[in-house]
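Note sheet for the following structure.
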Amino acid sequence: MNMDTLVSLCKRRGFVFQSSEIYGGTGSCWDYGPLGVELKNNIKRLWWRDHVQLRADMVGLDASILMHSAVWKASGHVDHFTDPMVDCRACQRRFRADKLDEAPWIHSCPAKKDTKFEVPGGEPCVHCGNRRTLCPECGKGQLTEPRQFNLMFKTFMGPVEEDAAVTYLRPETAQGIFVNFENVLQSMRLKLPFGIAQIGKAFRNEITPGNFIFRVRELEQMEIEYFVNPLDTVAGRPADEYWHEQWIEERRAWYRRYGIAAGNLRLREHGKDELSHYSKRTVDIEYRFPMGWSELEGIANRTDFDLKQHAKFSGKSLTYFDEERRTHVVPYVIEPSAGVDRSFLAFLADAYREEEVRGEKRVLLRLHPELAPVKIAVLPLLKKRDEIVARAKEIRTELARRWVTVYDDTAAIGRLYRRQDEVGTPFCVTVDVQTVGDPEKGEPGDDRVTIRERDSMEQIRVPVAELVRIFQELLGGQPWSSVVQRYPAQDRA
RNA sequence: GCGGGCGUAAUUCAGGGGCAGAAUGCCAGCUUCCCAAGCUGGACGUCGCCGGUUCGAAUCCGGUCGCCCGCUCCA
C-alpha cells in the first residue's frame with residue numbers, strides 16, 4: 001500500500017480533497033470532504049471523551065487562535081526562525097546572514113577584477129558592496145540570497161494594516177492553555193495534579209510540507225497540558241517523571257484501542273541534542289506511515305518553563321499554593337501533543353485492506369466502528385418493489401436518529417456492499433421480500449432483516465424491532481461474535 | 001531551497017504537431033431474492049495554468065502552479 005492509493009481513495013470517496021483544486025491547488029492545504037469530516041470529528045470526539053469527559057482530573061478549553069503578540073515573545077517562538085538565512089548550495093549548511101561576515105573573510109571582488117583580499121569583520125566589501133558569497137564551512141559552495149525565515153504566520157489585528165497590531169496565527173495550541181492557567185485553576189477549584197485539554201487549529205509555515213496530510217501548514221492539534229506538583233513523589237519517583245510515563249502509556253494504548261496495530265507503533269526517545277529549549281525529556285509515538293516511521297504524537301516534559309516565562313513577561317504570578325507545604329510552587333507540565341490530521345492518516349492507513357473474494361479484489365477500510373464515518377447502510381435487496389424501498393427508508397430514518405446511517409439503492413446488492421466496504425461502514429442492513437411479505441403469494445412479512453458485518457461478511461437475520469438494541473451493543477463496544485450467535489445466519493448465495 | 005520525475009475524464013493510465021482515447025467508476029432502464037453478475041443506453045475533458053513557435057499545439061519551447069521521489073530543513 002502506498003500513499004498514492006490512499007490519496008486516490010480519499011478523493012474518490014469524499015474523504016480529503018486538495019485545497020482550491022479548481023485553481024490548481026494550494027500547496028500543503030487539504031480539505032476534508034463529507035466522509036472525511038465524519039472520521040475527523042470521530043477522532044476528536046473519542047480523544048475528548050476518553051481524556052476529558054471520562055477523567056476526574058481533566059478539564060477542557062477552547063482558546064482563540066489570535067493572541068497577544070507578547071505571548072509569542074514569552075514562549076520563545078518570536079526569537080526562533082525569524083532571521084535572514086542563507087544556504088550553502090554545496091554542503092547544504094544553513095547560516096544566519098547577519099552573522100555571516102562578523103568574522104573577517106576572503107573576498108574575490110568583481111569591482112577589482114576578481115582580485116582576492118580579506119574583508120574585515122562586520123562589513124560588506126567597500127568596493128562592490130557584496131557580502132560573503134562563499135560558504136565559510138566548506139569554503140567552496142556558493143551561498144544563496146538571504147531569505148527571511150519565519151515559521152509563524154504573521155498577521156495584523158485591525159483593519160488598517162499600518163496601524164494594526166502585528167501578531168501571529170498560533171503555531172501551537174499549548175500557549176492558549178498556559179495563559180489561561182490561572183483562570184482555569186481559580187474557576188474550577190482544581191488541585192494538582194490536573195490537566196487542561198484543547199483541540200484546535202495551529203499554523204506553521206513549514207519549510208517542506210508534503211506527504212499528503214502528514215506535514216501541512218494549517219493543522220489541527222489535540223493537546224493536553226497536565227500540571228503536576230514538582231515537590232511531589234509518586235511511586236518513588238518525581239511526580240513529573242511518573243506522570244510522563246503514565247501519559248506515554250495512556251496515549252499509546254489509545255491508538256491501540258481504536259485499531260492501530262501494535263507493530264505499527266513505536267516509541268522514540270529524543271536525544272539530548274535534539275530536545276526543544278523547554279523540554280527535559282521528550283518521547284515520540286511514531287507510526288509506520290506509508291512513507292516510513294514518523295512522528296504521530298510528541299509527549300514532552302516541558303517542566304515549569306512556560307509558566308515561568310509567562311509570569312516573567314506578564315508580571316502575573318502563575319503559581320499553585322501547596323497547602324500541605326504552605327508554599328507556592330510553579331507546576332511542572334507534561335504535554336501529550338497529538339496531530340488530528342496525522343491521526344487521521346494513521347487510522348486510515350492502518351485500516352486499508354485489499355482482499356481477494358471470489359477472484360475479485362475487495363477494498364475495505366477496517367476502521368473501528370466508533371471511527372467509521374458511516375455506521376450503518378440500509379439497503380433494499382430489490383429496488384423495484386415499493387414496499388421494500390419504503391420499509392428500508394423507514395428503517396434508515398429510525399436508525400439515523402442515533403447513528404450516521406445512509407440509504408442506497410443505485411446498484412445490485414453486491415456492489416452496494418463493496419461500496420460500503422471501501423468507506424469502512426461496519427454494518428449493512430438489508431431489507432428483502434421476506435421482510436415485507438409477498439401479497440401475490442399471500443405470504444405475510446416476517447419483519448426481519450439481514451445484518452451484514454464488514455470484515456467477516458457474515459450475515460444474521462434479526463427482527464427489525466431489535467435493531468436499535470443490537471446496534472447499541474455493536475456500536476457500543478460489543479464484538480460481533482457475541483451478537484452473531486443469538487441469531488440465525490443468513491445464507492449468502 | 002537543490003536535483004530528478006510527472007500533470008490528459010471521478011480514478012488508473014495510453015496517445016506525442018492534423019477529429020480527445022481505453023479500462024474501471026458514475027447515471028438511467030431492463031434483469032436479478034445477498035457479495036464489484038448480465039444486457040441496453042447515457043453523461044463526463046479549456047489535455048494544470050499563462051505565454052511563445054507554427055497554417056495548425058494535448059504534443060515543441062519558456063514561465064508558472066501543483067504532485068511524487070531523493071537531499072536538506074523540521075519549535
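Atom set for the values below is all heavy atoms of this structure, side chains included, hydrogens, waters and symmetry mates excluded. All values reported here derive from a predicted model rather than from experimental measurement.
For the residue pair A:Glu223 / A:Thr173, a side-chain donor-acceptor distance below 3.5 Å is found, with atom types taken as modelled. The closest side-chain donor-acceptor pair between A:Glu458 and A:Trp480 falls under 3.5 angstrom.
Between B:U31 and B:U24, the distance separating the two C1' atoms is 22 Å to the nearest Å. To the nearest whole angstrom, the two C1' atoms, one in B:A28 and one in B:A43, are 10 Å apart. B:U12 and B:C26 have their P atoms separated by 16 Å, with the value rounded to a whole Å. Rounded to whole Å, the separation between the C1' atoms of B:A9 and B:C13 comes to 11 Å. Of the P atoms belonging to B:G15 and B:G7, the separation is 10 Å, rounded to the nearest Å. Here the separation of B:C61 from B:U53, taken at their P atoms, is 16 Å to the nearest Å. The same atom, C1', is picked in B:G45 and in B:G38; the two are 30 Å apart, to the nearest Å. Comparing B:C35 with B:C50, their P atoms are spaced 50 Å from each other, to the whole Å.
Listed candidates were B:C35, B:A37, B:C34. Nearest to the side chain of A:Met457 is B:C35. Looking at the side chain of A:Tyr417, the nearest of the listed nucleotides B:U12, B:C35, B:C33 is B:C35. Minimum atom distance to the side chain of A:Val363 is reached by B:A36, of the listed B:A36, B:C33, B:A37. Minimum atom distance to the side chain of A:Leu151 is reached by B:A75, of the listed B:A75, B:A36, B:U11. Side-chain atoms of A:His77 lie closest to B:A75 of the nucleotides B:C34, B:U12, B:A75. For A:Thr410, the listed nucleotide lying nearest its side chain is B:A28; candidates were B:U32, B:C34, B:A28. For A:Gln490, the side-chain atoms get nearest to B:C34 when compared with the rest of B:A37, B:U11, B:C34.
We find that A:Arg268 and A:Asp284 are joined by a salt bridge, their nearest charged nitrogen and carboxylate oxygen being less than 4.0 Å apart. Taking a cutoff of 4.0 Å between a charged side-chain nitrogen and a carboxylate oxygen, A:Asp240 and A:Lys280 qualify as a salt bridge. Salt bridge present: A:Lys40 and A:Glu220 bring a charged side-chain N and a carboxylate O closer than 4.0 Å. Under 4.0 Å is where a charged nitrogen must lie from a carboxylate oxygen, and between A:Arg385 and A:Glu387 at least one such pair does. With respect to the salt-bridge test (charged N to carboxylate O, under 4.0 angstrom), the residues A:Lys201 and A:Glu218 qualify. Taking a cutoff of 4.0 Å between a charged side-chain nitrogen and a carboxylate oxygen, A:Glu466 and A:Arg469 qualify as a salt bridge. Taking 4.0 Å as the cut-off between side-chain N and carboxylate O, A:Glu422 and A:Arg13 count as a salt-bridged pair. A salt bridge links A:Glu245 with A:Arg281; the closest basic N to acidic carboxylate O contact falls under 4.0 Å. Here A:Arg391 pairs with A:Asp447 in a salt bridge; the nearest charged N to carboxylate O distance falls below 4.0 Å.
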Subject >> 5'-to-3' dot-bracket of RNA chain B (Watson-Crick, G-U; under 3.5 angstrom; crossing pairs as [ ]; | other strand) >> reply: ((((((((.[[[[.)..(..]]]].(((((.......))))).....[[[[[..)....]]]]])))))))....

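Shown here are the salt bridge (charged side-chain N to carboxylate O under 4.0 Å, His left out) partners of A:Asp409, two or more places apart in sequence or in another chain: there are none. The salt bridge (charged side-chain N to carboxylate O under 4.0 Å, His left out) search around A:Arg366 returns none, not counting sequence neighbours.
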What N/O pairs connect the protein and nucleotides 29-31 of chain B at under 3.5 Å? Give each pair on its own line.
none

All N/O pairs under 3.5 Å across the protein-nucleotides 42-50 of chain B interface:
none

Just the atom pairs and distances: protein N or O near nucleotides 20-25 of chain B's N or O, under 3.5 Å.
unit_1: B:G25; atom_1: OP1; unit_2: A:Arg415; atom_2: NH1; d: 3.1

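Summarising the geometry, the separation between CG on A:Asp421 and C1' on B:C34 is reported as 13 Å, rounded to the nearest angstrom. Atom C1' of nucleotide B:A36 and atom CZ of A:Arg362 are separated by 11 Å, given to the nearest angstrom. Separating the CZ atom of A:Arg454 from the C1' atom of B:C34 is a distance of 19 Å, rounded to the nearest angstrom. Regarding A:Asp438, its CG atom lies at a distance of 15 Å from the C1' atom of B:U32, rounded to whole Å. Between the NZ atom of A:Lys11 and the P atom of B:C67 there is a distance of 13 Å, rounded to whole Å. Atom CD of A:Glu21 is separated from atom P of B:A10 by 9 Å (rounded to the nearest Å). Following rounding to the nearest Å, A:Ile388 (CD1) and B:C34 (P) show an atom-to-atom distance of 12 Å. B:C67 atom P lies 13 Å from atom CG of A:Asp4, rounded to whole Å.
Annotation: cation-pi geometry not satisfied between A:Arg170 and A:Tyr168 (NZ/CZ under 6.0 angstrom from ring centroid, within 45° of ring axis).
Here A:Ser337 lies out of heavy-atom contact (under 4.0 Å) with every strand. Contacts of A:Thr430 with the nucleic acid, taken as non-hydrogen atoms under 4.0 Å apart, include base atoms. Counting non-hydrogen atoms under 4.0 angstrom, A:Phe17 reaches nothing in the nucleic acid. A:Ile413 comes within 4.0 angstrom of the backbone, heavy atoms only, and of no base.
Side-chain nitrogen and oxygen atoms of A:Gln18 include at least one within less than 4.0 Å of the OP1 or OP2 phosphate oxygen of B:C67. At least one side-chain nitrogen or oxygen of A:Asn211 sits closer than 4.0 Å to the OP1 or OP2 atom of B:C69. Not one side-chain nitrogen or oxygen of A:Arg204 sits closer than 4.0 Å to the OP1 or OP2 atom of B:C74.
The residue among A:Glu443 and A:Phe203 whose nearest nucleotide of RNA chain B is located toward the 5' end is A:Glu443. Nearer to the 5' terminus of RNA chain B, by closest-nucleotide assignment, is the contact made by A:Ala411 (compared with the other of A:Ala411 and A:Thr450).
Aromatic ring centres of A:Phe344 and A:Tyr32 lie closer together than 6.0 Å. Between A:Trp30 and A:Phe17, the ring center distance fails the sub-6.0 Å criterion.
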**OP:** Using the side chain to side chain contact (heavy atoms under 4.5 Å, CB included) rule, take A:Ile451 and A:Tyr487 through it: C-alpha gap first, then chi angles, then the decisive distance, then the call.
**Re:** CA-CA 10 Å; A:Ile451 299 178; A:Tyr487 298 95; over 6 Å; no

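Residue-to-nucleotide contacts include a donor-acceptor pair under 3.5 Å from the side chain of A:Arg215 to the base of B:C74. At a cut-off of 3.5 angstrom, counting only N and O atoms as typed in the model, there is a donor on one side and an acceptor on the other between the side-chain of A:Gln459 and the base of B:C34. Residue A:Tyr23 places no side-chain atom within donor-acceptor reach of the base of B:C65, judged by atom type and a 3.5 Å distance cut-off alone. A donor-acceptor contact under 3.5 Å links the side chain of A:Asp432 to the base of B:C34. Judged by distance alone with a 3.5 Å cut-off, a donor-acceptor contact links the side chain of A:Arg452 to the base of B:C35.
Shortest non-hydrogen contact noted between A:Leu367 and A:Phe347 is CD2-O, 3.8 Å.
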